[in-house]
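Values below: all heavy atoms of this structure, side chains included; hydrogens, waters and symmetry mates excluded. In what follows, chains are A, B, ... by sequence order, proteins preceding strands, each numbered from 1.
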There are 2 protein chains.
Amino acid sequence: MDVMEVSNKKRYYTDSQERMAKLAKALSNPVRVYILDFLANNLDRCCYSGDMVEDLPIARSTLSEHLKELKKAGLIQGEINPPYIKYCINQDKWDEAKALFGSFFKR
Amino acid sequence: MDVMEVSNKKRYYTDSQERMAKLAKALSNPVRVYILDFLANNLDRCCYSGDMVEDLPIARSTLSEHLKELKKAGLIQGEINPPYIKYCINQDKWDEAKALFGSFFKR
DNA sequence: TCTTTGTTTCGTAAAATTACGAAATGGATG
DNA sequence: CATCCATTTCGTAATTTTACGAAACAAAGA
């Protein structure tokens with residue numbers, strides 16, 4: 001970890017605004033919305049990458065990149081279960097997003 | 001997930017998924033979140049492009065492009081009031097977005 | 001050990017996004 | 001009519017996103 005450093009750089013956006021933008025970017029592609037829908041609708045089942053690619057018009061490697069984006073945004077996590085990887089929603093981040101979007105639109 | 005067959009063309013995403021992705025894309029940039037915040041917090045006042053550029057580290061033309069994006073997404077509208085343009089939230093679209101994101105995260 | 005299997009990473013290419021300053025626009029005013 | 005003013009559009013450039021197939025990877029099994 002780097003030495004902490006007080007930033008004297010002017011900030012133009014609030015934390016909420018930046019977190020909103022980051023989460024929205026994660027949701028800004030229909031493949032990723034599909035993935036989240038799929039995982040949220042199958043909380044009880046195993047959700048492998050292979051289960052999803054069947055119904056999508058994209059290559060496996062492309063799906064993998066979208067999964068990586070969603071992981072980067074913190075919205076999903078992958079539990080390794082060889083040779084599969086079982087994906088699921090990260091409930092904490094999901095709740096954070098719910099709260100953020102909720103308070104943003106509640107006006 | 002449903003795969004719909006509409007007018008001979010296979011569709012891979014539901015309407016909700018595509019609308020979510022489009023709205024999220026409009027929200028995927030902090031400048032645009034800032035603009036929406038600004039407009040939503042100043043519903044009673046006139047909101048000119050010039051009012052916003054003051055506090056943002058971007059050129060007027062860039063702000064204009066972001067406004068165009070938000071207009072394209074239907075989230076805002078501009079009322080011409082020469083030589084100014086008064087911007088405001090499009091409440092119908094706002095409510096639609098609220099409902100979409102609300103039902104998406106409500107689980 | 002050599003495959004097999006599901007998945008990710010890499011190399012690459014096309015398209016979209018973001019940004020700027022200059023120039024154009026469309027009313028209003030002198 | 002010429003000018004002013006806030007704003008948009010244009011031309012352009014840098015960066016990011018999306019996508020693919022090939023290659024790499026990691027664990028299990030023959």
Give the minimum heavy-atom separation between [X] and [Y], together with the two atoms involved.
X       : Y       : answer
A/Arg11 : A/Glu18 : NH2-OE1, 3.0 Å
B/Tyr12 : A/Asp55 : CD2-O, 3.2 Å
A/Leu75 : A/Ala97 : CD2-CB, 4.5 Å

**OP:** Measure from the side chain of A/Leu67, starting at C-beta and using heavy atoms only, and say which of D/dT9, C/dT8, C/dT7 lies closest.
**Re:** C/dT8
Subject >> Donor-acceptor under 3.5 Å (B/Arg32 side chain, B/Ala26 main chain) >> reply: yes
Would you mind reading off the distance between [X] atom [atom1] and [N] atom [atom2], rounded to a whole angstrom?
X       : N      : atom1 : atom2 : value
B/Tyr48 : D/dC5  : OH    : P     : 17 Å
A/Leu70 : C/dT7  : CG    : P     : 16 Å
B/Tyr84 : D/dT7  : OH    : P     : 7 Å
A/Glu54 : C/dT7  : CD    : C1'   : 14 Å
B/Ile76 : D/dT8  : CD1   : C1'   : 13 Å
A/Leu56 : D/dT18 : CG    : C1'   : 14 Å
B/Ile80 : D/dT7  : CD1   : P     : 12 Å

Subject >> Any B/Lys71 side-chain N or O less than 4.0 Å from OP1/OP2 of D/dT7 >> reply: no
Original post:
Given B/Ile76, which of B/Glu69, B/Lys71, B/Lys68 fulfils the side-chain contact (heavy atoms from CB on, under 4.5 Å) condition?
Top reply: B/Lys71
Might you list the N or O atoms of the protein lying below 3.5 Å from N or O atoms in nucleotides 28-30 of chain C, with each pair's distance?
none

Original post:
In terms of ring plane angle, is the pair B/Phe101 and A/Phe101 parallel, tilted or perpendicular, where the classes change at 30° and 60°?
Top reply: parallel
Original post:
Mind checking whether B/Tyr87 and B/Leu67 have side chains closer than 4.5 Å, heavy atoms only?
Top reply: yes
Give me the distances for all protein-to-nucleotides 17-20 of chain C N/O pairs that come in under 3.5 Å?
from	atom 1	to	atom 2	distance (Å)
C/dT17	OP1	B/Lys25	NZ	3.0
C/dT18	OP1	B/Asn29	ND2	3.4
C/dT18	OP2	B/Arg32	NH1	3.0
C/dT18	OP2	B/Arg32	NH2	3.3
C/dA19	OP2	B/His66	NE2	2.5
C/dC20	OP2	B/Ala59	N	2.8
C/dC20	OP2	B/Thr62	OG1	2.7

**OP:** Under the side-chain hydrogen bond (donor to acceptor under 3.5 Å, both in side chains) rule, collect the residues that match up with B/Asn29, sequence neighbours excluded.
**Re:** none
**OP:** First locate atom CD of B/Gln17, then atom CG of A/Leu36, and finally report the distance between them rounded to the nearest 0.5 Å.
**Re:** 9.5 Å
